[in-house]
Amino acid sequence: MSDKSSSSEKIRVRFSHLGLVVSDIEMMEDFYTRVIGFERTDGGMTGQGVVMIFMTLDSSEHHQVFLVEGKPDGIPGNTIIPDGPPVLHHLSFRVDSLSDLQEMYKRLQTESDREIRTVTHGVCWAMYSTDPEGNNIEFFADTPWYVHQPYLKPMDFNIPEDDLYAQTEALLSTEPGFQPIDDFYGDLKTRVPEKVPA
Ligand SMILES: [Fe+2]
């Protein structure tokens with residue numbers, strides 16, 4: 001028997017926040033608050049002279065993102081995203097609807113010339129770009145459908161919402177596993193017993 005503990009032991013763990021080490025904390029605070037919509041909840045300088053900022057999108061969580069200065073210059077990228085940070089792959093944000101996602105698409109376009117990739121994963125529409133320091137960020141809106149994963153098809157977000165919706169549905173309707181997302185989760189419930197916390 002191993003002495004190592006496992007996740008089946010009844011401790012409820014929920015994800016709370018992520019800390020980013022940044023170069024220009026004012027620029028990053030501006031992007032995360034003004035462009036994405038985070039609320040700054042706290043911030044200041046420690047006794048050691050380190051600047052920290054706390055921000056959230058959730059009124060029940062003091063901070064979901066924590067920024068601290070101290071990022072060194074010349075950090076090597078990784079092998080998947082050579083220009084990206086060495087460890088962080090992406091931060092992801094869910095929006096309520098396809099129209100909200102298209103609004104955010106326009107906002108990111110006016111914000112900078114940074115590349116924006118727009119796709120559907122079948123279960124969602126998604127777009128990928130970067131924050132001002134090159135961290136990859138994703139925004140997505142759920143579709144009402146399911147297709148087998150992994151799935152990715154580029155989509156043009158510049159067309160009207162109704163056309164984009166219809167085009168996505170037509171594209172997905174011939175893909176393996178296509179079904180309403182509620183049917184997928186209804187079936188999943190019969191296969192995965194409810195976990196009862198201790
Ligand atoms: Fe993601």
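Quantities reported herein were computed from a predicted structural model and do not represent experimental measurements. Note that ligands are numbered from 1 as they come in the structure, with each ligand's atoms numbered from 1 the same way.
- Checked against ring pair (Phe, Tyr, Trp, His ring centres under 6.0 Å), F31 has no partners two or more places apart in sequence or in another chain.
- Taking 2.8 Å as the limit, the number of protein N, O or S atoms around the Fe ion (ligand 1) is 2.
- Less than 6.0 angstrom separates the ring centroid of Y165 from the ring centroid of W145.
- Between the side chains of T143 and W125, no donor-acceptor pair is found at a separation under 3.5 Å.
- From Q109, atom CD reaches atom OG of S129 across 10.0 Å, with rounding to the nearest 0.5 Å.
- Within a 6.0 Å radius of CG in L188, more than 12 heavy atoms belonging to other residues, nucleotides or ligands are found.
- In summary, E175 and K153 engage in a salt bridge, as defined by a charged side-chain N under 4.0 Å from a carboxylate O.
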